[in-house]
Amino acid sequence: MEPILVRSKDSTYPIVIERGLLQQVKVFFDIQKDYVLITDSMIPSMHYQPLLDTLSIKLLITLPAGEQIKTLSTYQDVLEQLITHRIKKDVVLLAFGGGVIGDFVGFLAATYLRGVSYIQIPTTLLSQVDSSVGGKVALDYQQAKNIIGQFYPPKAVFIDPLVLQTLPQRQWSNGMAEIIKMAAICDIHLFEKLESMTLETFDDDVIIQSILHKKHYVETDEFDQGIRQHLNFGHTFGHAIEAYYNYQKYTHGEAVAIGMMRITKNPLLQKRIQHCLIRYHLPIEDEVSLETLLPLVSLRSEERRVGKECRSRW
Ligand code: GLY
């Protein structure tokens with residue numbers, strides 16, 4: 001298919017979605033460029049071996065898997081590696097992994113030498129449909145998630161749905177939560193499809209539809225001051241639940257699933273969301289009380305607005 005073009009304030013970047021893209025390196029990547037490939041230890045190396053074989057990779061950095069790398073100390077370590085290897089401004093950083101790698105490498109790219117190019121190559125369902133699109137990049141500080149960040153769009157997003165073949169089932173569910181969220185806030189037809197589909201009958205069109213919606217939100221409100229905040233549906237409680245359990249008990253999508261159930265008051269809408277979450281093996285409740293969560297929650301008016309908007313569309 002034709003690339004999806006995303007307009008940002010300073011540039012337009014393509015999202016290329018193609019099965020087998022990573023086997024066609026010379027078609028999609030500029031082989032004249034120098035690259036630094038940053039990935040994590042959970043990603044099977046067979047997925048990026050064609051890049052190592054074909055491109056001028058000046059440095060391969062494999063970080064531990066998990067949110068704990070989004071720290072100033074890992075950032076400093078990686079910066080030191082770039083400096084030691086005399087990585088120059090015309091390099092392209094390759095963010096090869098899930099949302100954590102995307103956030104980390106994007107932040108690194110935004111700041112190294114006052115900004116170098118980077119390409120997002122998301123390898124999880126969640127990062128393909130959500131975090132790789134829109135230019136949000138960040139590190140955490142102590143318990144504060146994404147507190148040090150930037151809007152820094154990638155040069156391109158390359159999505160190869162074939163990499164999902166090695167994705168564990170829990171990570172499929174993790175991504176499905178964001179797809180359900182997207183359908184709930186803006187696309188009744190997609191939602192109806194999710195209500196009858198299963199993971200076994202999942203098709204790439206679900207990825208494409210989710211990305212087209214994300215494109216609409218980020219092009220309309222790149223800097224997250226209005227309508228883009230609709231994407232936070234379920235995230236206010238979701239973030240609080242993740243933080244309460246120290247990011248150990250739930251994946252992001254699982255916490256958002258519980259968050260959507262807690263914030264949705266319309267009984268019909270809640271029932272349909274619940275049915276859909278269960279269908280994709282997502283939790284719908286947790287025993288932690290509202291009173292316990294409230295100190296961790298900053299109830300944001302935009303989420304209440306989303307609740308209203310969902311009701312009016314359904
Ligand atoms: N993941 C929410 C956003 O990009 O705004």
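Throughout, residue positions are numbered sequentially from 1 according to the sequence presented. All ligand and atom numbering here is 1-based and tracks the order in the structure. Computed from a prediction, not measured in an experiment: that's the story for all the values here.
- The pair E222-K9 does not meet the salt-bridge criterion, since no charged nitrogen lies less than 4.0 angstrom from a carboxylate oxygen.
- A distance of 5.0 Å separates CZ of F158 from CD1 of I119, quoted to the nearest 0.5 Å.
- Annotation: N232 places no N or O atom under 3.5 Å from an N or O atom of ligand 1; distance criterion only.
- Residue H235 is tested with K181, E242, E178 for a side-chain hydrogen bond (donor to acceptor under 3.5 Å, both in side chains); the sole match is E178.
- With distances taken over non-hydrogen atoms, the option nearest atom 3 (C) of ligand 1 out of E222, K136, Q229, E178 is K136.
- Among protein heavy atoms, atom 1 (N) of ligand 1 sits closest to D130 OD1, 3.2 Å.
- Using a 4.0 Å cutoff on heavy atoms, K214 counts as a contact of ligand 1.
- Partner of K136 under the side-chain hydrogen bond (donor to acceptor under 3.5 Å, both in side chains) criterion, out of D103, N146, D224: D224 alone.
- Between D224 and ligand 1, no pair of N/O atoms sits closer than 3.5 Å.
- Shown in contact with L231 at under 4.0 Å from a heavy atom are these atoms of ligand 1, numbered in order with element: 3 (C), 5 (O).
- Judged by distance alone, with hydrogens and angles left aside, the side-chain atoms of R228 form a donor-acceptor pair with the main-chain N or O of G134 at under 3.5 Å.
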